[in-house]
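As the structure lists them, so they are numbered: ligands from 1, and atoms in each ligand from 1.
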Amino acid sequence: MTTTFAIAIHGGAGTILKSKMTPEREAAIRATLTESLRVGYALLNEGGCALDAVQKAVNVMEDSPLFNAGRGAVFTHDGKNEQDATIMDGFSGQAGSVASVKHIARPIDLARLVMDQSPHVLLMGDGAEKFAVEHGMELVDNKYFYTEQRWEQLQRALAKEQRASDNKGDLSLSEDDKHGTVGAVALDSQGHLAAATSSGGMTNKRYGRVGDSALVGAGTFADDLCAVSTTGHGEFFMRGVVAYDVAALMHYKGLSLAEATDLSVQTKLTDPGGTGGLIAIDKDGNIALPFNTEGMYRGYLYKGSEPMVEIFRE
Ligand code: ASP
């Protein structure tokens, strides 16, 4: 039993510049982040578990067209939406993930279903959707995920790729169009931790590319010491097994949450050229939100306090 509980969330990291953001968009993003924190907090305040809190907090961002997850998911090279998600319960050590799902409005709910109702950890594509239907989850038409902003983002990425005709093998994207993903981590009043991450992946991805958000240890991890959710260029997070790396640094090296997350993001992710950030919470309720990009949509809320929401590098 702890005397405190807390939740932290992110809505993606990247080249998020105040000069490029309209006041209306900024207000809408802040309002959704605040709502997400409040929904998770309400559950924790009623004595609910961290696992439910992170799932419900992520649902709020999945339902919004403003974030790259659920409704606002980015487009693949073929103009489709393929989403990844993972949820992990630090108390039981159980986890569930889905990869490349196309017709799931809230991929984190399917990840939870995989965790609760299957003997597996990761289901992908058509099989994952068949499992969803068999367990009473409705599929949505791909049109549900159409937003003008994301469609234009894909068109920009395709045009850029076309222009780079002298470098056809280069599938890299501009920083602007690259990042997204939403996530939450929480500590409940029982002292249990949980983490959840949901993502449309990267604009213009192809060949069935799957990102770190579908992989336990890379994009999401929770145990009895800490809970972590990441956002950024997934390939770097996969190679660095970043979410688990934070936990390992704490367990085996005895680092604090602040030290472990700082080393993981500012050195181990940054040195090879990885961009992004993460949110993390430990068993004592310490929270860290490091990133190496211009900005990261982020927020946290401690028991008895007011929601803190930030976007830019202040
Ligand atoms: N990490 C996600 C991926 O690589 C994208 C992001 O967080 O921006 O699929």
Side-chain angles (χ1 to χ4, degrees), residues 8-16 29 33 58 61-62 64 66-70 72-77 80-88 97-102 104 107-108 111 122 124-125 145 149-150 153-154 157 171-185 195-221 228-246 264-265 268-270 272-280 289-298 311:
I9 57 166
H10 71 79
T15 311
I16 305 166
I29 287 170
L33 292 173
V58 162
M61 294 182 281
E62 286 178 327
S64 162
L66 296 168
F67 302 96
N68 174 20
V74 297
F75 285 97
T76 65
H77 183 75
K80 300 271 165 31
N81 313 89
E82 295 177 358
Q83 307 200 54
D84 303 331
T86 295
I87 191 162
M88 186 159 188
S97 302
V98 290
S100 293
V101 290
K102 295 193 186 74
I104 305 294
I108 203 67
L122 169 59
M124 63 162 286
F145 304 107
Q149 187 214 352
R150 297 300 184 201
Q153 221 168 44
L154 173 64
L171 301 184
S172 67
L173 302 169
S174 79
E175 281 291 311
D176 256 356
D177 291 340
K178 227 160 49 181
H179 297 323
T181 294
V182 308
V185 294
T197 312
S198 182
S199 180
M202 290 169 80
T203 305
N204 197 22
K205 65 183 178 181
R206 58 171 107 180
Y207 310 127
R209 182 263 187 189
V210 171
D212 59 319
S213 310
L215 300 178
V216 170
T220 309
F221 189 74
V228 184
S229 168
T230 74
T231 174
H233 194 152
E235 279 66 13
F236 290 87
F237 285 83
M238 288 189 266
R239 288 188 289 255
V241 202
V242 172
Y244 178 70
D245 187 54
V246 170
S264 239
V265 172
K268 297 176 77 176
L269 174 72
T270 305
T275 50
L278 58 79
I279 54 169
L289 312 102
F291 55 97
N292 67 6
T293 47
E294 297 291 342
M296 180 168 84
Y297 302 119
R298 62 200 186 277
I311 297 179

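- Take V210 and apply the side-chain contact (heavy atoms from CB on, under 4.5 Å) test, not counting sequence neighbours, and it matches D84, A99, S100, A214.
- Taking only nitrogen or oxygen atoms, main chain and side chain alike, T231 reaches within less than 3.5 Å of ligand 1.
- H10 contributes atom NE2, which lies 6.0 Å from atom OG1 of T230 (distance to the nearest 0.5 angstrom).
- Considering backbone and side-chain atoms alike, T181 places an N or O below 3.5 Å from some N or O of ligand 1.
- Not one N or O of E235 is nearer than 3.5 Å to an N or O of ligand 1, by distance alone.
- Between the CZ atom in F75 and the OG1 atom in T203 there is a gap of 9.5 Å [rounded to 0.5 Å].
- The distance from ligand 1 to the heavy atoms of D212 drops below 4.0 Å at these ligand atoms: 1 (N), 2 (C), 3 (C), 4 (O), 9 (O).
- Taking a 4.0 Å cut-off on heavy atoms, G232 registers as neighbouring ligand 1.
- Ligand 1 has a nitrogen or oxygen under 3.5 angstrom from a nitrogen or oxygen of R209.
- Looking at G211 next to ligand 1, no N or O pair under 3.5 Å apart turns up.
- By the side-chain contact (heavy atoms from CB on, under 4.5 Å) test, M238 pairs with D212, L215, A218, E235, sequence neighbours left out.
- The structure places CD of E82 at 11.5 Å from CZ of F145, a figure rounded to the nearest 0.5 Å.
- Side-chain N or O atoms of N292 include none that pairs as donor or acceptor with a backbone N or O of G277 at under 3.5 Å.
- Near M202, meaning under 4.0 Å from one of its heavy atoms, ligand 1 places the atoms 4 (O).
- For R239 and F236, the positive end sits near the middle of the six-membered ring, less than 6.0 Å away and at most 45° from its axis.
- Within ligand 1, the atoms closer than 4.0 Å to a non-hydrogen atom of G201 are 5 (C), 9 (O), numbered from 1 in the order shown.
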